[in-house]
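Structure, as structure tokens:
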Amino acid sequence: MEESKILDLYRTLLDFFGYQNWWPVYSDNPFVEISFGAILTQNTSWSNVEKALRNLVENDLLDLEKVSCIQEEKLQEIIRPAGFYKRKSKTLIEFSRKTKDMKKEKVTRDFLLSIKGIGKETADSILLYALNRPYFVVDAYTRRIFSRLGILDKGLSYDEIQKIFEKNLPESINIYKEYHALIVELGKNFCKKKPLCRDCPLFANCKFRIYNV
DNA sequence: AACCAGGACGTGA
DNA sequence: TCACGTCATGGT
């Protein structure tokens with residue numbers, strides 16, 4: 001496979017979109033805000049997540065201690081706009097209970113995966129963006145974009161894809177952060193399910209471009 | 001008015 | 001292991 005392109009594509013995307021400076025944080029509690037946001041954004045548009053986060057802030061609930069002992073039905077109403085609110089409220093509560101008295105250095109990937117409702121992508125998002133650990137985040141956009149480009153086979157597992165990116169990039173937390181953010185930006189604006197290939201910054205590199213009007 | 005969004009889990013084959 | 005149904009709101 002032509003994995004050596006991975007770094008070139010990063011430069012192209014960075015050139016086109018500019019630095020994204022992810023993860024967006026508006027409170028003075030980045031760990032909680034990023035972790036909660038990562039859980040809330042599962043298969044959900046970010047605009048809906050923002051509403052849920054605003055509700056949490058208004059109720060002073062960007063707080064592990066408070067969420068760990070909140071009444072579940074109350075939390076459900078507060079995060080309702082983010083969708084899947086029953087499952088997500090359980091996950092937020094379990095996450096809060098398990099991490100509130102924990103030193104952040106002890107939070108591992110396996111630990112996060114032991115929390116029901118946190119899978120690989122959410123765990124890696126928390127590790128990378130909330131804890132500054134070098135884990136490359138793989139999401140649906142990553143699979144779609146790089147399989148269309150012709151770089152990744154469909155059917156590769158999460159861990160295999162992650163390994164390919166980490167092997168072909170400098171082990172730089174900032175590059176991991178930016179690259180994933182840029183992938184999301186490309187996925188939202190061009191490489192959608194119905195792609196807009198005409199103005200795509202990766203048009204020249206892509207084997208797909210069937211809608212290249 | 002169907003389709004989609006910064007997934008994860010339980011089930012059955 | 002893996003394909004498939006389920007969970008849910010809000011924007012286009």
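Just so it is clear: chains get the letters A, B, ... in the order the sequence lines come, proteins before strands, and each one is counted from 1. Every heavy atom of this structure was used, including side-chain atoms; hydrogens, water molecules and symmetry mates were not.
Counting heavy atoms from C-beta on, the side chains of A:Asp63 and A:Val67 never come closer than 4.5 Å. By the 4.5 Å heavy-atom criterion applied to side chains, A:Gln20 and A:Leu182 are counted as neighbours.
Checking the phosphate oxygens (OP1, OP2) of C:dA8, no side-chain nitrogen or oxygen of A:Tyr85 falls inside 4.0 Å. Residue A:Thr122 places at least one side-chain N or O closer than 4.0 Å to OP1 or OP2 of B:dA8. When the side-chain nitrogen and oxygen atoms of A:Arg144 are compared with OP1 and OP2 of B:dA5, one or more of them lie within a distance under 4.0 Å.
Aromatic pair A:Trp23/A:Trp46: ring centres closer than 6.0 Å. In this structure, A:Tyr135 has its ring center at least 6.0 angstrom away from the ring center of A:Tyr176.
Among the atoms of the strands shown, none is found under 4.0 Å from any heavy atom of A:Ile183. Using a 4.0 Å heavy-atom distance criterion, A:Lys86 is classed as a sugar-phosphate-only contact. Contacts of A:Ala181 with the nucleic acid, taken as non-hydrogen atoms under 4.0 Å apart, are absent. At the heavy-atom level, A:Arg143 lies nowhere under 4.0 Å from the strands shown. A:Tyr141 comes within contact range of the sugar-phosphate backbone alone, with a heavy-atom separation under 4.0 Å but no base atom that close. A:Gly83 comes within 4.0 angstrom of a nucleotide base, judged by non-hydrogen atoms across all strands. Using a 4.0 Å heavy-atom distance criterion, A:Lys116 is classed as a sugar-phosphate-only contact.
Comparing B:dG6, C:dG10, C:dA8 by their closest approach to the side chain of A:Lys51 singles out C:dG10. Of the candidates C:dG11, C:dT9, C:dC7, the closest approach to any side-chain atom of A:Arg80 belongs to C:dT9.
Rounded to whole Å, atom P of C:dT6 lies 18 Å from atom NZ of A:Lys88. The separation between A:Asn43 atom CG and C:dG11 atom P is 17 Å, rounded to whole Å. Protein atom CG of A:Leu53 is 14 Å distant from nucleotide atom P of C:dG10, rounded to whole Å.
At most 12 heavy atoms of other shown residues, nucleotides or ligands fall within 6.0 angstrom of atom OH in A:Tyr19.
Each of A:Gln42 and A:Ser47 has a nearest nucleotide on DNA chain C; the 5'-most of these lies closest to A:Gln42.
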